[in-house]
Amino acid sequence: MTNPTSQTQSPPASATPGWNEVVADWAADRRVFQVSWRKSMMWIFLLSDTFVFGCFLTGYMMVRIATTEPWPNVSEVFALTMFGQSIPLILIAIMTFVLITSSGTMAMAVNYAYRRDRVRCAALMLATAALGASFVGMQAFEWTKLIEDGVRPWGNPMGAAQFGASFFLITGFHGLHVSAGVIYLVIVARRVLAGRYERRGDYEIVEIAGLYWHFVDLVWVFIFAFFYLW
Amino acid sequence: MTHDADTHHEPSSFWTRYVWSQDHKVIAIQYTLTAIAIGLVGLVLSNLMRLQLGFPGRFDFIDAAAYYQYVTMHGMIMVIYLLTALLLGGFGNYLIPLMVGARDMVFPYLNMLSFWVYLLAVLVLVASFFVPGGPTGAGWTLYPPQAILPGTPGTDWGIVLMLASLVIFIVAATMGGLNYVTTVLQARTRGMTLMRMPLTVWGIFTASVLALLAFPALFVAGMMMLLDKLAGTSFFMPAIVSMGRELGHEGGSPLLFQHLFWFFGHPEVYIVALPAFGIVSDLISTHARKNIFGYRMMVWAIVAIGGLSFVVWAHHMYVSGMNPYFGYFFATTTLIIAVPTAIKVYNWVLTLWRGNIHLTVPMLFAIGFICSFVLGGITGLFLGNVSVDIPLSDTYFVVAHFHMVMGVAPILAIFGGIYHWYPKVTGRMLDERLGRLHFWVTFLGTYAIYFPMHYLGFLGMPRRYYSFEDYAFIPDSAQDLNAFITVCALVVAAFQFLFLFNLVWSAFRGKPAESNPWGATTLEWQTPETPPRHGNWGEALPVVHRWAYDYSVPGAKRDFIPQTEPHEGAPPGTDEALAEARP
Amino acid sequence: MDRDPGQQHPIGLYLKVWGLLFVLSFFSYMVDYHEVQGHLRWILVVTFMLLKAGLIVAVFMHLRWERLALIAAITLPPLAVVVLAVLMAVEGDYTAAIRDAFFATPAP
Amino acid sequence: MVLAVALILVTVASVLFHFLSPWWFTPLASNWKLIDDTILITLVITGGVFVAVNLFIAWALIRYRHRPGRRATYEPENKKLEGWLTIGTSLGIIAMLAPGLYVYTQMIRVPEDAIVVEAVGQQWQWRFRLPGEDGRLGRTGAAFVSLDNPLGLDPDDPDGHDDLIVPGPDLVLPLDRPVLVLLRAHDVLHNFYVPQFRVKMDLVPGLVSRFWFTPTATGRFEILCAELCGVGHWNMRGHVEVVDKSAYREWRAALPTFGAVLAAAADDGLDEAARRGRELARERGCLACHTLDGAAGIGPTWQGLYGAERPLADGRSVRADADYLAEAIRDPNATLVAGFPAIMPRVDLSEAEVDALVAFIRSLGAPTAEAQGADPMPPGDAPAANEAAHGAPR
Ligand code: HEA
Ligand code: HEA
Ligand code: CUA
Ligand SMILES: [Cu+2]
């Protein structure tokens, strides 16, 4: 074995599925998870980020329950008038679909990456990024609309002040995650196209970027349920 | 890969070697020195506070506002910027790769960034001393609404910089923590299973996991408070009349902040305790020449404490006005967490039992740690038991508790650790006589400071009081006791400079150290060079054949067997043989 | 370097999951559109949410094909947040009840 | 070796300190003997462990210290011993927790017949309110707070009109009657703490918290604020006086109702400037530090200030005439009153505003006004001064 830090060790032969396998993994030398350093680090980071969003949502939930002011009717606030009639939450629904779509394209990009299909992989990643960017765009539109309706972090004409505060804070923080993801994806996609990972023979970075992207989508699932559907 | 063995050529220029270094050992030293520097600020602040408490009115420049600023900055600096940074960034950085047999952290560049971001956090913190209005005086717990309303010092700039600095610190801690956790999980050397790791690594590793999961709550609370302050939101602000003026807030919950803060805060106290536990386990085992007693139980205790520490947070809130029924849940979980902690104490003590105890300087500090920790821990049991906490909460009893368990015990562990690993870091020994003097003054001095303080708490003296004059229930003798405590604190603080002197002097003039002066088994003592060079291990990584505690093994020639030494004729099929046989 | 055999799935799988996510999102949207209220609303919203989250984590993030050690390490710690959230819900109710009982809402 | 001796000495000294030191709980003045008992249980158990652990370490240090040729025993683990220790510890824990939770159950179960008192905290003063005839407290809200209504009662809530307002920071309670204390704050967290009663609880803005106890000894007890609430935290003083039933009834009978206070406020006999000064004093936060009723605050009280002889920190002394007051307001720390810290902030005020403030201070009476009787009037005029609390806090 020439290079002892490289990570090509196969899982211990004794491993059987189920909890025995868990025990075997944790008892193994050199590494616990049969994944690379980068991927395990991304997972751990996402775990930490889960706590960030978990605390944000918990805080929002607590102030919402505690305040005695009426909470604005969310589905009306986020209704849009289309084709002459007001459709509740329609923009949010579209945003949700866009984000889910981007998750789908991302998943396929990862798949093509492992098939060494450079062009398709990059194209799908760019599509993901474009969907992400349009999501941020719609969010910006939504912010503008709400601000026009008089919603501010410190109050709003429709009821509890915490509505605006939690809205801007939570969607803002999520929006930042999406924007960062878009940049990340574009950078990785360019490298994929340039063949950098081909030369290294390692497309894992695409999968890691994918993990991050799916996480952003995952967070949105919770925001959608707890903020918009409550 | 981010880096391989072959990319480890020694950096050549001064800048890349000592300043923009990506070597975990250099980063560790940078972290340590920065933490000590800011820790000294905390120390000076504590003495200023003590001057006021011991000799009220004698020092005019300490007015009430300044006092509260000192208290706040003292607490925050000590907990976050000194202990957390020193134990994770300093000890963690230095020891993890060496102890698990890695060439470096898995992401050296991120590791370097972590330090520079930490330094930025410290600078922002220090800057808050110089802004108009001074640093915040809201107490280290930063409870709103008080922290952002007039009537508290530093509500213009101080609190904003404090929160900003915390957010920056969290970024640094996250970058560091990701590295430490991934390195321990994924980058150990051959044969180094988790159950062969030294307890120091276990402690730091678990603390890093806690940091990654607990700091988010502080981050969220900090962001929300920043918005309350700067954007007029009402997360933590109900309708308030402050100084006769009605503020525009409505409906927020001050208790939410407290819950979030302590959801972070309680794991945080274990973030500073667990690494100390680990360090002390290794010091005791090494210097008693005996394997740590009940290694498995020790590991499980660390893990259990780490897990439980997330469900005890509201024991800081028994008198906060929260839902009273929470008291049952949190009192129960809090006292349950004492069981694994007690097991650790027993195992340290039982390691001494039937040992071969060398009272070296690190060992003195380790035993001082046990004594201080036991005292601080059992007073924690008073506070954890909700109905006992109610009379004692917010009195000097609490101050005594947490100084004993956090201000003294981990600091003693750190000192012990520094005396123990200094030879590896610098290649020279610290002066032994100065070390002993330092120990005696620090151990007995802090005991004299904090033991009597419990009784001020029983008496009912509230904490965070600028002055206690004209309170009928406080006898004059309590004032004399306060003066006594102050004198002790001044002496102890003065003797810390002896230690600093020792650190500096020995780096140049100390007795040259052998590569393994204490006869220790763990990997860091088996490096080809002392101090270890970039990449740590020379040509080949070490291979581990045994646990970290083979001291005084019957039949062995020496009273310790390094982890790298193969078993003689391990029977085929055993764990040992497998580890050997694996490619 | 074929270290991740788990990644070799037919594209169809992703399309199917993708479709399922659409359907679930559509259902949760319909809960709102038809103004289902009360417990039923919550049961539906949370069920759809958990299903969607589960699909994303299990298939898109590939957790299903990771080894159990990783799955456990990722899924267990968030339980701490769940404890926090549940207790904060209780605390929020307590606060709201007290406010209702003692505070006057000033005339607008 | 030295360390072993030191540990033994430390242990012995600690135990001796415990028994000999004069610092211990204040004599109990409430029904919470149960709390003292649980503390005692905890103390015995933990004290025993403390002594045992330290002495064991000392013994081990002596018995197993390094001597040439000695070798430690190799014993990785001893499951049986560890098991017993775990069981023992768990039993110790249960022995503390069970009584603790039992007492806690008593603490959160308020007796039916408890009388209700409301304590309101504000930087840095205490105020109290009692329900009137109807036995109900009226609703409150921050929006209602004004000088005439410092407690923020809702004037439109009929329940509140007969509520009794306690002027000043002193509360009187009857002996041997359970009291439920409801706690509320206007601005920041505070904590109602009387060491002799053992129980304490935070006051939280936007919430009403509570605790209960039965006073079991007559006397005058200090109320401390035990939650950091800003620079005045350490000096947020009040008193609870426990008296027998008849004295309590008398005291209670003399309290003004909220309705009466409101009526009195309507004609307060102030001139235009003074009334404006009064509003300003509230708006600009002066009243956070200065009281109007002679009680001690962070700054000197304004009652009886006008025309008084003021001792200054530099040893001089001046008469507080209009010029001096205006100067003291415009440039707060130019002249320091003896015994007070230089913490008064400079507030931007126009000439007219300063004059209004001076006029208001003047309306609060000359130095002799202190001697007036305590007739029920709004705090704006209420001279419910108590001799002891008057004057400098140091
Ligand atoms: C390193 C830091 C550290 C550690 C390890 C601990 C450990 C413990 N702490 Fe402490 N604590 C703090 C730091 C720490 N604490 C700080 C900083 C504060 C104040 C914050 C502030 O308000 O500013 C605080 C405050 C605090 C409070 C809130 C008090 C109040 O504000 O009213 C409580 C209440 O439950 C508490 C409990 C405990 C308990 C039960 C333990 C336990 O883990 C202790 C367990 C240890 C032992 C029990 C001793 C060893 C055991 C034996 C020798 C066996 C014998 C035992 C039996 C027979 C039972 N602590
Ligand atoms: C690790 C944490 C830590 C440490 C070490 C200390 C050390 C000291 N602390 Fe403090 N303290 C806190 C954490 C700590 N404190 C916290 C969290 C609070 C609460 C703040 C709040 O209420 O908001 C507090 C509050 C507090 C109070 C209460 C103030 C009040 O409520 O009004 C007092 C009063 O006496 C006090 C005194 C001291 C003294 C005399 C020392 C020391 O002087 C003791 C003796 C010295 C040592 C044991 C040596 C330590 C060495 C270093 C600190 C740094 C140098 C490091 C190297 C050289 C490696 N501290
Ligand atoms: Cu009020 Cu402290
Ligand atoms: Cu705690």
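Note on naming: letters A, B, ... go to the chains in the order of the sequence lines (proteins, then strands), and numbering restarts at 1 for each one.
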In Å, rounded to the nearest 0.5 Å, how long is the span from [atom1] of [X] to [atom2] of [Y]?
{"X": "A:Trp154", "Y": "B:His249", "atom1": "CH2", "atom2": "NE2", "answer": "12.0 Å"}
{"X": "B:Thr233", "Y": "A:Arg152", "atom1": "OG1", "atom2": "CZ", "answer": "14.5 Å"}
{"X": "A:Phe45", "Y": "B:Leu212", "atom1": "CZ", "atom2": "CG", "answer": "10.0 Å"}
{"X": "A:Met42", "Y": "B:Thr182", "atom1": "CE", "atom2": "OG1", "answer": "11.0 Å"}
{"X": "A:Trp43", "Y": "B:Leu178", "atom1": "CH2", "atom2": "CG", "answer": "14.5 Å"}
{"X": "A:Trp37", "Y": "B:Phe107", "atom1": "CH2", "atom2": "CZ", "answer": "7.5 Å"}

Can a donor-acceptor pair be found, under 3.5 Å and without considering hydrogens, that links the side chain of [X] to the backbone of [Y]?
{"X": "A:Asp29", "Y": "B:Gly191", "value": "yes"}
{"X": "A:Glu69", "Y": "B:Glu250", "value": "no"}
{"X": "B:Gln186", "Y": "A:Val35", "value": "yes"}

Could you check if a side-chain atom of [X] sits within less than 4.5 angstrom of a side-chain atom of [Y], using non-hydrogen atoms only?
{"X": "B:His259", "Y": "A:Thr58", "value": "no"}
{"X": "A:Leu169", "Y": "B:Met224", "value": "yes"}
{"X": "B:Phe264", "Y": "A:Cys55", "value": "no"}
{"X": "B:Arg190", "Y": "A:Arg30", "value": "yes"}
{"X": "A:Val32", "Y": "B:Leu194", "value": "yes"}

Part of [X] lying under 4.5 Å from any heavy atom of chain A:
{"X": "B:Leu230", "answer": "neither"}
{"X": "B:Thr189", "answer": "backbone"}
{"X": "B:Met195", "answer": "neither"}
{"X": "B:Leu256", "answer": "both"}

Could you check which of [options] has the highest count of heavy-atom pairs closer than 4.5 Å to chain B?
{"options": "A:Thr50, A:Thr68, A:Asp49, A:Thr67", "answer": "A:Thr67"}
{"options": "A:Gly155, A:Gly54, A:Gly164, A:Gly59", "answer": "A:Gly59"}
{"options": "A:Ala161, A:Ala66, A:Ser40", "answer": "A:Ser40"}

Study note, to complete from the structure: Smallest heavy-atom separation, B:Thr193 atom then A:Ala27 atom, equals CG2-O, 3.2 Å

Check your understanding: Is it the backbone or the side chain of A:Met41 that comes under 4.5 Å from a heavy atom of chain B, or both, or neither?
Key -> both

Exercise for review: If the plane angle is over 60° it's perpendicular, under 30° parallel, otherwise tilted; pick one for B:Phe219 and A:Phe56.
Suggested key: perpendicular

